[in-house]
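Predicted model only: the values in this text are computed from it and were never measured. Numbered from 1 within each chain, the chains take letters A, B, ... in sequence-line order.
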Amino acid sequence: MNMLASSALPSVAASPHAGQLGSVSHVMLKVMLALAPATACGFWYFGWPAFNLWLVTVLAALAGEALCLRLMAKPVVPTLLDGSALLTGWLLAVSLPPWAPWWLGVIGGLFATVIGKQVFGGIGCNLFNPAMVARVALLVSFPVVMTGWVAPIGLTGAQAPGWLESLQLTFGGSVPDAYTSASLLGQAKTELSRGVSLLQTFANGLPVSWSGMRPGSLGETAVLLIAAGGIAMMLMGLITWHIPVSMLLAIAIPAAIGHAVNPARYLDAGAHVLSGGAMLGAFFIATDYVTSPSSRGGQLVFGAGCGLLTWVIRTYGGYPEGVAFAVLLMNALTPVIDRAIKPRVYGRNWRGQPIAPRKEN
Amino acid sequence: MLVPVVILTLLGLMLGLMLGYAARVFAVEGNEVAAEIAAMMPGTNCGQCGLAGCGAAADALVAGAAPATVCPGGGAPLAQAIAAKLGLTLDLGGLADQGPKIAEVQEDICIGCARCLKGCPTDAIVGASKQIHGVLHQACTGCGACVTECPTGAIGLRPLPQTLQDWNWASPSFA
Amino acid sequence: MGILERLNGGRWGVHPHDDHKRPAADTPLRVMPLPAKLCVPLLQHVGAPAKPVVAVGDSVLRGQLIAAAQGAVSAPVHAPSSGVVTAIGPVTAPHPSGLPFDAITITLDGEDRALEAAGVDDPLALEPAEVTRRIADAGIVGLGGATFPSAPKAQLGRKLEVQTLVINGGECEPYLSSDDSVMRHRADDVIDGVRILMHAVGARTALVGIEDNKPEAIAAMREAARAFAAIRICPVPARYPMGSDRQLVEVLTGKQVPAGARTASIGVLVNNVSTCAAIHRALRHGEALYRRIVTVNGGAVAAPGNVLAPVGVLVEDLLAFVGLKEAPARLVMGGPMMGLALPHAQVPTVKACGGVLALTAAEIARPAPSACIRCGSCVKACPMGLQPLEIAARVRAGDYDGAASLQLDDCLACGCCAYVCPSNLPLVQSFQHAKGTLWARAQQKKRNALTRELADARRERLERDARERAEAAAKRKAARAAQQASAAAPGGQEMPS
């Protein structure tokens with residue numbers, strides 16, 4: 001019976017005495033896995049410069065996190081291993097113009113983890129999505145670089161820069177004009193502001209693309225792979241359909257109505273949903289746990305708000321794209337939504353009062 | 001000339017009315033905080049704090065003249081509640097190792113003089129002269145007024161034993 | 001879980017990936033040989049503790065009453081075997097605090113002499129009140145873990161004209177299979193108990209909810225209930241906490257129990273299958289509740305399985321019977337989700353103890369807690385629809401009232417939130433702590449009200465005494481003055497003006 005010597009029992013603990021043994025790093029790893037195909041596709045379309053930018057941005061995000069943790073005398077390595085800073089840098093990188101210079105990635109990466117996250121208290125405490133905070137900061141600070149799109153010329157195509165050339169592109173000078181191209185939303189905004197109707201601008205058809213072979217941010221053009229990654233996250237139980245579906249519907253429905261009323265002024269639903277990072281935003285950005293509501297009802301409201309604001313900003317605002325702004329605005333509303341919309345508690349009505357007993361007879 | 005004057009006058013009037021309304025709606029009658037704190041206290045006016053009753057102690061607390069640990073009967077839980085209410089930092093040094101206490105009569109020393117009965121603010125001691133006295137656990141606040149009354153030292157305060165019912169989990173440490 | 005349900009985040013509760021019920025559930029039932037002594041606790045139920053009716057030195061027989069019920073909600077305690085009462089007093093309770101509670105210690109003589117027991121041939125012919133009385137006399141309490149005495153419960157059901165009995169065969173906790181074992185091996189007893197209980201309550205139908213991970217139990221119970229149309233065997237999905245009365249009632253009847261109310265308020269009474277088997281034995285055989293089937297399981301147990309053991313057996317003796325293959329890292333009474341960690345093995349079992357687990361370090365290992373990432377897993381898992389992450393944030397900040405405003409009271413402490421939490425936060429402990437603190441505050445408030453009332457009464461009395469004394473003194477003085485006056489002026493008829 002010496003196996004039961006009371007000294008052998010460690011201090012008692014509260015139930016449950018079992019668990020799923022999950023961890024934050026598991027969660028982050030799964031999200032990265034879901035994001036990987038679309039990112040790889042981005043590398044394939046936009047070549048080595050895109051990869052360089054991604055690497056620089058991710059490293060900068062990690063460095064920013066490590067710096068803050070060191071300054072606050074918190075454990076550095078375990079926190080970096082939770083993968084959240086890596087994911088933040090990754091999400092920022094895929095939302096940048098693929099051939100952007102290295103310093104854009106560095107500033108963005110540092111901004112994301114230092115200002116967007118650690119200033120608020122680190123993981124779980126930030127009010128705004130750090131990647132989108134950094135993206136918006138870059139957009140308002142360096143508008144020209146942030147809208148310098150390139151046509152997808154492939155990783156190995158004849159025109160594509162080789163690895164050495166790519167280093168020169170990323171770390172050297174600026175993107176040669178020969179490569180630059182306009183995005184659909186940017187073109188629409190520019191031409192509309194000059195008074196040219198959309199019917200005229202896109203007389204040869206809208207340059208929408210399911211495959212992602214179009215100018216755009218590093219990892220947002222491969223919409224099918226993004227959607228596949230999103231559905232994979234749902235099947236893994238990481239996210240639910242509420243935010244992505246409500247966000248995409250809230251973009252598509254007003255777009256469809258506007259287009260039906262005045263096709264010369266309003267882009268159609270397909271153009272809105274398939275470009276400008278709407279898919280990336282719906283599946284990977286707006287679904288960020290920390291900055292979105294925790295109840296299903298709240299998530300529907302949040303997603304719908306993101307979608308509607310995206311469409312409003314794109315259509316009536318000064319910027320051609322609106323996902324980042326829309327997500328940040330709704331992030332600010334998340335605490336309010338969480339306060340206002342709670343799940344119905346068992347045996348209570350929506351207002352929290354006990355339901356009336358209903359007898360069976 | 002006339003328009004700005006009128007506008008400023010109206011603005012002043014409006015803001016004044018708003019202030020007046022706010023003063024009426026958010027009016028504080030008497031010292032509510034003191035009343036709330038008095039309600040939190042045992043209310044036995046046992047005088048162990050050295051002040052004239054619980055009301056006086058509450059006033060002293062609000063005025064900052066007494067520490068949050070002023071009430072011996074209330075113990076650590078009351079001190080914590082008061083500190084939270086008044087936003088004080090709490091030093092439980094003097095109280096930390098003392099849980100709630102109640103009076104206990106040592107029956108072999110008690111001579112049945114019944115003096116403690118008169119001293120108890122809550123009539124928590126039962127008995128009559130020439131009979132051994134007992135303490136009603138529910139009614140005793142542990143103020144200790146009886147201890148000083150007892151001529152033979154038969155009454156002492158003993159810590160209330162912890163039971164399964166009032167045992168509680170400690171607050172866990174989060175990350 | 002279907003794909004659509006998965007996209008929606010799943011329904012409440014958790015699906016423990018490995019419920020660890022087998023192989024223990026499939027091993028034959030063993031009867032534990034009598035240990036040297038038993039410590040039979042006086043408080044094994046909700047309500048007032050039983051009052052000993054034996055003294056140290058008394059000889060007792062199996063089934064003999066050793067402590068009587070006190071008050072309306074209480075239950076008597078019977079001797080599980082024959083022997084001599086060697087102590088009546090505190091022993092360590094099966095509770096993480098390690099605090100003592102009172103128990104009657106019986107040193108067994110090993111002869112297991114039984115008291116003459118008288119059963120009834122046809123309990124269904126008895127008056128319902130008589131059935132309830134016999135249930136009360138047998139000391140039967142809810143064996144699912146709630147430990148509410150069964151007799152007052154049945155009375156309440158009769159008073160509220162409950163029409164439906166829900167019989168809880170959920171047993172959703174991983175590792176445990178004692179109810180499963182009762183249903184497999186004693187299905188006829190259970191069904192008979194259900195019929196007796198229906199008679200006592202006056203219910204018309206009984207729904208027996210059994211999780212679909214117990215096909216053998218479902219088959220045995222279907223066979224036993226075949227002849228009785230009023231008793232329906234309803235397989236329910238295996239999902240923790242299906243065995244919680246509120247969840248089971250909703251799944252079986254489609255109705256929710258109002259917050260803060262009993263199931264009887266919606267015309268349903270929930271009883272555990274083991275309770276029904278105990279009722280059968282009490283009525284048909286006159287056997288009091290002094291033994292039960294206990295699952296002994298866990299990675300450290302050499303031969304896990306179900307054991308028929310006397311109430312009050314020490315966990316130490318129980319584990320010695322099944323054998324240990326390694327030193328357990330934690331002993332748990334109950335299941336792993338809601339069971340209580342034991343301070344050591346020298347604690348007795350109680351009537352409601354359906355399982356004793358000896359878990360290894362690997363089984364209880366959990367990574368250190370990290371920051372909440374607001375993933376919302378706990379919100380999806382909570383069977384009550386609460387927001388554990390929000391409540392925990394308030395508890396952490398010391399805002400207990402804020403936690404209460406998020407309906408902390410409705411928390412079952414089922415542990416689903418902590419089970420799924422990727423940050424491994426001690427959610428259940430923080431809720432228990434908050435509930436305990438709120439309870440202590442409420443108690444203090446009550447106590448304050450009482451002492452204040454007493455102090456006021458005393459002040460009034462002292463004032464009244466003083467007034468009366470003053471009045472009496474004044475009266476005496478007046479009388480004396482009048483006397484003096486009459487003495488001074490013998491013929492005086494007029495007062496000087």
Side-chain angles (χ1 to χ4, degrees), chain A residues 1-6 8-24 26-27 78-79 82 84 121-125 231 234-235 237-242 289-296 299 338 342-348 352-361, chain C residues 6-10 16 96 163-164 174 246 253 255-261 265-267 316 319-320 324 327 329-332 336-339 341 343-345 359 364 366-367 370-376 379 383-387 389 407 410 415 418-420 422-424 426 428-429 432:
Chain A
M1 211 68 261
N2 56 358
M3 272 194 210
L4 280 174
S6 56
L9 287 176
S11 62
V12 290
S15 59
H17 311 286
Q20 245 167 9
L21 297 180
S23 70
V24 175
H26 279 146
V27 173
T79 314
D82 72 18
S84 63
I123 185 167
C125 303
I231 290 166
M234 290 182 202
L235 293 179
L238 293 172
I239 60 170
T240 57
W241 60 269
H242 302 81
Y289 290 146
V290 178
T291 55
S292 62
S294 54
S295 69
R296 288 166 200 175
Q299 290 175 347
D338 260 341
K342 293 173 185 155
R344 189 176 68 80
V345 176
Y346 179 104
R348 293 181 185 272
Q353 289 136 348
I355 54 174
R358 191 159 54 94
K359 271 214 177 190
E360 186 176 38
N361 278 322
Chain C
R6 186 174 278 266
L7 294 182
N8 198 28
Q163 298 296 318
T164 311
R246 281 161 196 265
T253 69
K255 291 185 297 184
Q256 294 198 338
V257 185
S265 70
I266 58 164
E316 192 176 44
L319 291 175
L324 289 174
R330 190 174 294 164
L331 296 176
V332 175
M337 297 298 283
M338 289 185 75
H344 50 72
L359 301 172
I364 58 167
R366 293 213 74 181
S370 58
C372 172
I373 54 168
R374 291 178 42 84
C375 67
V379 180
M384 296 303 284
L386 303 174
Q387 295 173 289
L389 80 168
Q407 269 92 38
D410 291 348
Y419 184 88
V420 298
S423 297
N424 299 300
V428 174
Q429 189 179 340
Q432 303 274 41

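Here A/L235 is the residue among A/L238, A/L235, A/T291, A/L21 with the most heavy-atom pairs under 4.5 Å with chain C. Between chain A and the residues C/L359, C/V428, C/D410, the most heavy-atom pairs under 4.5 angstrom are made by C/D410. Contact count versus chain C (heavy atoms, under 4.5 Å) is highest, among A/R348, A/H242, A/Q299, A/M234, for A/R348. The most heavy-atom pairs under 4.5 Å with chain A, out of C/G376, C/A341, C/G415, come from C/A341. Taking chain C as the reference chain and counting heavy-atom pairs below 4.5 Å, the highest number among A/S23, A/A356, A/P293 is found for A/S23. Interface summary for chain A: among C/A261, C/G260, C/C375, the most heavy-atom pairs under 4.5 angstrom belong to C/C375. Most heavy-atom pairs under 4.5 Å with chain A: of the set C/V420, C/N424, C/L386, this distinction falls to C/V420.
The shortest heavy-atom contact between C/S370 and A/V24 is OG-CG2, 3.6 Å. Scanning both residues, A/P357 and C/S265, for their nearest heavy atoms gives CB-O, 3.3 Å. Contact detail for C/Y419 and A/P16: the closest heavy-atom pair is N-CG, 4.2 Å. For A/S15 against C/G339, the heavy-atom pair with the smallest separation is CB-O, 3.6 Å. Contact detail for A/G22 and C/P367: the closest heavy-atom pair is O-CG, 4.4 Å.
With a 4.5 angstrom heavy-atom cutoff, C/Q429 touches chain A via backbone and side-chain atoms both. Neither the backbone nor the side chain of A/T79 comes within less than 4.5 Å of any heavy atom in chain C. Interface residue A/V27: only side-chain heavy atoms are found under 4.5 Å from chain C. With a threshold of 4.5 angstrom between heavy atoms, C/V332 approaches chain A through side-chain atoms but not through N, CA, C or O. Interface residue C/I373: backbone and side-chain heavy atoms are both found under 4.5 Å from chain A. Contact annotation for A/D338: both backbone and side-chain heavy atoms come within less than 4.5 Å of a heavy atom of chain C. For C/P383, the part sitting under 4.5 Å from any heavy atom of chain A is the backbone (N, CA, C, O) and nothing else.
The structure places CZ of A/R344 at 4.0 Å from CD of C/Q256, a figure rounded to the nearest 0.5 Å. To the nearest 0.5 angstrom, A/H17 atom NE2 is 6.0 Å from C/R330 atom CZ.
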Dump the intermediate steps for side chain to side chain contact (heavy atoms under 4.5 Å, CB included) on C/L389 and A/S294, then the final yes or no.
CA-CA 9 Å; C/L389 80 168; A/S294 54; 3.9 Å; yes
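Judged by distance alone, with hydrogens and angles left aside, the side-chain atoms of A/Y346 form a donor-acceptor pair with the main-chain N or O of C/R246 at under 3.5 Å.
Taking 4.5 Å as the limit, some side-chain heavy atom of C/V379 sits within range of a side-chain heavy atom of A/P343.
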